[in-house]
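As a basis for the values below, the full set of heavy atoms in this structure was taken, side chains included, without hydrogen atoms, waters or symmetry mates. Just so we're on the same page: letters track the sequence lines, and every chain starts at 1. This is a predicted model, so every value here is computed, not measured.
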There are 2 protein chains.
Amino acid sequence: MQAPNPKREETSARIIAAAGAVFAERGFRGTTIRQITTRAGVNLAAVNYHFRDKAELYVRVLREAKRCATDIIIDDIPGDAEARLRGFIDRFVRYLLDPERPAWHGRVIALEMSNPTPALGVIILELTSPLYRDVRALIGKVVEDSASPRELDLFALSIFGQCVFYVNSRPLVEQMATDLNKTPDRIGRISTHIGDFSIAALHDFRRQANQPRPRAAGVRTKRLALR
Amino acid sequence: MQAPNPKREETSARIIAAAGAVFAERGFRGTTIRQITTRAGVNLAAVNYHFRDKAELYVRVLREAKRCATDIIIDDIPGDAEARLRGFIDRFVRYLLDPERPAWHGRVIALEMSNPTPALGVIILELTSPLYRDVRALIGKVVEDSASPRELDLFALSIFGQCVFYVNSRPLVEQMATDLNKTPDRIGRISTHIGDFSIAALHDFRRQANQPRPRAAGVRTKRLALR
DNA sequence: GGGAAATTAAAACACCTGTTTGAATCGGTC
DNA sequence: GACCGATTCAAACAGGTGTTTTAATTTCCC
């Protein structure tokens, strides 16, 4: 009624919703247009009519996932650097795992990163780059600028890695940590843990950086003679 | 010459090598038999002749990756629990990232875990289950049995997550941590970092568990009012 | 209600997929 | 050299893929 094409919006939305779910489950290559249209309850040709082709539909799905990720921005989180880092982790984990939102929002992005298509560069990196940069800067504040750029990267990757693992290797998580999945506030529990775990490691790094003589010389640099 | 079927062994091996590389790059569903046979320089029908079908070849590839992962076992690593945990992390990271081995060994398993096929249960979990169990027990020793089963799971997942991230989200790692990839001993640097990061977090947990009154009450359990 | 545009529907298209076929070639043995 | 099983090869197969086509239907405006 409001737009010149009322039905168009509806079926487009239904296709995107169905496509998001299937893409998140089977990846771009593993998904067929017939799976999408069947799930959406629309005709097979609808995808090529409303979107140009399968690739463009995929881009639209990624864009939608990206759009819903903008509220992860950490500018509005109050408190000191540590609290803001905890806040980011909480939001990020919820974005990835919260069943309230369409389950595919986080997973379709994680899948695209582990199995990239040409869409990776134009969409995903646009989303992750500022996020990564902000988190990296935040970590720098937590350790009071005592880390080198390379160390900042390692810290950031450790934090991202912990978060993404739950959605990227879900079968393993569900198989191994069986009683964790039964926890009532599972997501909150995970988020709090990753925050505790990471903050503790960063504090330890800052402490060792501030006292030039490490408490146990050689421990941090000990390399193992293996293999 | 040695076996009753000299050529058979050779082309089988070439197919497995080529298939491993392609499967690791594009996943099971995204890989075509023609890609494999072209890369291996063998006839198209060779796959169905030497292996029954594509699925069985995939299982053989996973089995090969699993076979080469057996030397990650941590029984033979000397030292205390902390040193053994560091040793495991080092071996695991090298298994995933070391370009010396066929690059697909770790990645084909990581891909299978993020995008499972029916082969997941019968191969991958056979490999990861004992690994996970051992690491979990090792963590228990590091924190001197002060962690609940659920907390042990969270710790183990944090460590695995950090390691797997580098191979699972490789595009992001390469794009973001640019100068890390230029580091000469990149893999050793990563392994050492994950060890430091995790051990520090575990030590902090043990310290707080041993002194019943936490140094800053409320910090560990503080939940953020976001969204 | 008539008519033009937008949308849906069914069918077909060309192409690629995994797999099979049957003949050609190779390897060693008598 | 002739034989025979094992292996390779080119060709073809049935089925599924993304996409296009063409007609039917709906929607909205006059």
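When ring centroids are compared, Phe155(A) and Phe160(A) stay outside the 6.0 Å threshold.
A straight line from NZ of Lys54(A) to P of dG16(D) spans 16 Å, rounded to a whole angstrom. Atom OH in Tyr49(A) sits roughly 19 Å away from atom C1' in dG18(D) (whole-Å rounding). Going from atom CD1 of Ile15(A) over to atom P of dG18(D) covers 14 Å, rounded to whole Å. Distance, Asp53(A) CG to dT21(D) C1': 17 Å, rounded to whole Å. We find that CZ of Arg29(A) is positioned 13 Å from P of dG18(D), with the value rounded to whole Å. For the pair Glu10(B) CD and dC26(C) C1', the computed distance is 13 Å after rounding to whole Å. Nucleotide dT8(C) holds its P atom 9 Å from the CG atom of Asn43(A), rounded to whole Å. Atom CG of Asn48(B) is separated from atom P of dT7(D) by 15 Å (rounded to the nearest Å).
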Step-by-step ring-ring contact (aromatic ring centres under 6.0 Å, His included) determination, Tyr58(A) to Phe23(A): CA-CA 8 Å; Tyr58(A) 185 61; Phe23(A) 280 140; 4.9 Å; yes
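If Gly41(B) and Arg52(A) are placed on DNA chain D by their nearest nucleotide, the residue sitting closer to the 5' end is Gly41(B).
Of the side-chain N and O atoms in Thr11(A), one or more sit less than 4.0 angstrom from OP1 or OP2 of dT8(C).
Counting non-hydrogen atoms under 4.0 angstrom, Thr31(B) reaches the backbone sugars and phosphates but no base.
Of the listed nucleotides (dT7(D), dA9(C), dT21(C)), dT7(D) has the atom at the smallest distance from the side chain of His50(B). In the set dT20(C), dG18(D), dT17(C), dG18(D) carries the atom at the smallest distance from any side-chain atom of Ile33(A). Candidate nucleotides dT7(C), dT19(C), dG18(D) were compared by shortest atom distance to the side chain of Leu44(B), and dT19(C) ranks first. With dT21(D), dT19(C), dG18(C) as the choices, the nucleotide that has an atom nearest any side-chain atom of Ala45(A) turns out to be dT21(D). Taking only side-chain atoms of Arg34(B), from C-beta outward, the nucleotide of dT8(D), dT19(C), dA6(C) with the closest atom is dT19(C).
Nearest heavy-atom pair, Cys68(A) versus His105(A), reported as atom, atom and distance to 0.1 Å: SG-CE1, 3.3 Å.
A cation-pi arrangement is present between Lys54(A) and Phe28(A) under the rule of less than 6.0 angstrom and at most 45 degrees off the ring axis.
Between Leu125(A) and Met176(B) the shortest side-chain heavy-atom distance falls below 4.5 Å.
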